[in-house]
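Numbers here simply count residues along the sequence, with the first being 1. Hydrogens, waters and symmetry mates play no part in the numbers below; they use all other heavy atoms, side chains included.
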Amino acid sequence: QVQLEESGGGSVQAGGSLRLSCLVSGSIDSNVCLAWFRQAPWKEREGVATIRTGGLFVIGAGRTVYSDSVKGRFAISLDNSANTMYLEMNSLKPEDTAMYYCAAEQIRLGGGSCDFAPRTALVFGTWGQGTQVTVSS
């Protein structure tokens, strides 16, 4: 059973940077979709970025997807040796203020895509508890 634990949130001024970490514990397959989501008060949850796990023989391994709101400012990465996923956030804006969650789901044939496409994305079943990011102007 996979468990996820986020860390690295905090308060920063606009234009600053933060790096979030998501420690993945438990058994994880080589074809898993890992993602970052965020939710601001009184707003719907928003997908931020996804990354696929896997080695050299897994098609699409390492592929990343970003929401338009963070493209060019955020970077998702995976350190397999540390079982940790990261979200490097640069040029932060007040509108980036939210609780950030990491999520995981096995990629299965016909089970949906590792992205945020409205009708075809897979449904994430494993979530962390979240870490708060606050950006002041």
Side-chain angles (χ1 to χ4, degrees):
Q1 185 176 356
V2 175
Q3 291 184 316
L4 307 175
E5 182 178 359
E6 304 94 337
S7 62
S11 296
V12 64
Q13 288 192 325
S17 299
L18 280 174
R19 188 177 78 160
L20 305 184
S21 300
C22 175
L23 177 64
V24 183
S25 59
S27 177
I28 188 164
D29 204 334
S30 61
N31 198 14
V32 171
C33 181
L34 297 173
W36 287 98
F37 286 82
R38 66 185 182 185
Q39 188 166 20
W42 306 292
K43 291 188 177 181
E44 290 188 358
R45 187 174 62 198
E46 174 190 17
V48 175
T50 67
I51 188 167
R52 292 184 63 164
T53 67
L56 291 175
F57 303 106
V58 177
I59 296 174
R63 177 176 174 264
T64 59
V65 172
Y66 295 93
S67 67
D68 288 341
S69 61
V70 305
K71 201 172 292 183
R73 298 188 298 122
F74 291 12
I76 188 171
S77 62
L78 184 62
D79 183 344
N80 291 307
S81 64
N83 288 342
T84 302
M85 175 177 64
Y86 299 101
L87 185 67
E88 187 75 37
M89 305 186 295
N90 299 309
S91 302
L92 283 162
K93 305 174 182 179
E95 50 264 44
D96 294 318
T97 295
M99 184 72 80
Y100 283 72
Y101 301 89
C102 59
E105 184 60 33
Q106 184 74 47
I107 297 172
R108 298 180 177 86
L109 184 64
S113 53
C114 184
D115 53 35
F116 305 119
R119 289 187 292 274
T120 60
L122 55 75
V123 177
F124 289 90
T126 301
W127 294 81
Q129 295 299 307
T131 185
Q132 177 68 37
V133 172
T134 303
V135 184
S136 58
S137 57

Lys71: partners by side-chain hydrogen bond (donor to acceptor under 3.5 Å, both in side chains), with sequence neighbours left out:
Asp68
Excluding sequence neighbours, so at least two apart, what forms side-chain hydrogen bond (donor to acceptor under 3.5 Å, both in side chains) with Ser67?
Ser69
From CZ (Arg52) to CG (Asn31), nearest 0.5 Å
5.0 Å
Smallest separation among heavy atoms of Asp115 and Ala121, with atom names:
O-CB, 3.1 Å
Look at the side chain of Thr53 and the backbone N and O of Val32, then say whether any donor-acceptor pair between them is shorter than 3.5 Å.
yes
According to side-chain hydrogen bond (donor to acceptor under 3.5 Å, both in side chains), who are the partners of Ser137, at least two apart in sequence or on a separate chain?
none
Set of side-chain contact (heavy atoms from CB on, under 4.5 Å) partners for Ser11, sequence neighbours left out
Thr134
With rounding to the nearest 0.5 Å, note down the distance linking OG1 in Thr97 to CD in Gln132.
7.5 Å
Please name all residues satisfying salt bridge (charged side-chain N to carboxylate O under 4.0 Å, His left out) with Arg73, sequence neighbours left out, ordered by chain then number.
Asp96
Return yes when atom CD of Glu5 has more than 12 non-hydrogen atoms of other residues, nucleotides or ligands closer than 6.0 Å, and no otherwise.
no
What I'd like to find out is whether the side chain of Thr64 reaches to under 4.5 Å of the side chain of Thr50, using heavy atoms alone.
no
Quick one: hydrophobic cluster around Tyr101, which other residues, with the 4.5 Å side-chain cut-off, linked directly or via members?
Phe37, Met99, Ile107, Phe116, Leu122, Phe124, Trp127
Would you say Glu6's side chain and Gln129's backbone share a donor-acceptor pair under 3.5 angstrom?
yes
Between Ile76 and Val70, is there shared hydrophobic-cluster membership here, with clusters defined by ILVMFWY side-chain heavy atoms closer than 4.5 Å?
yes
Qualifying disulfide (SG to SG under 2.5 Å) pairs with a residue from residues 106-137, counting only residues at least two apart or across chains
Cys33-Cys114
Which atoms form the tightest heavy-atom contact between Ser81 and Asp79, and what is the distance?
OG-OD1, 2.5 Å
Could you state the interatomic distance from OG1 (Thr84) to CG (Leu20), rounded to the nearest 0.5 Å?
12.5 Å
Distance-only donor-acceptor hits, side chain of residues 86-95, under 3.5 Å, sequence neighbours excluded:
unit_1, atom_1, unit_2, atom_2, d
Asn90, OD1, Ser17, OG, 2.8

Under the salt bridge (charged side-chain N to carboxylate O under 4.0 Å, His left out) test, which residues partner Glu46, sequence neighbours left out?
Arg38
Taking only residues two or more places apart in sequence, or in another chain, which ones meet Arg108 in a salt bridge (charged side-chain N to carboxylate O under 4.0 Å, His left out)?
Glu105
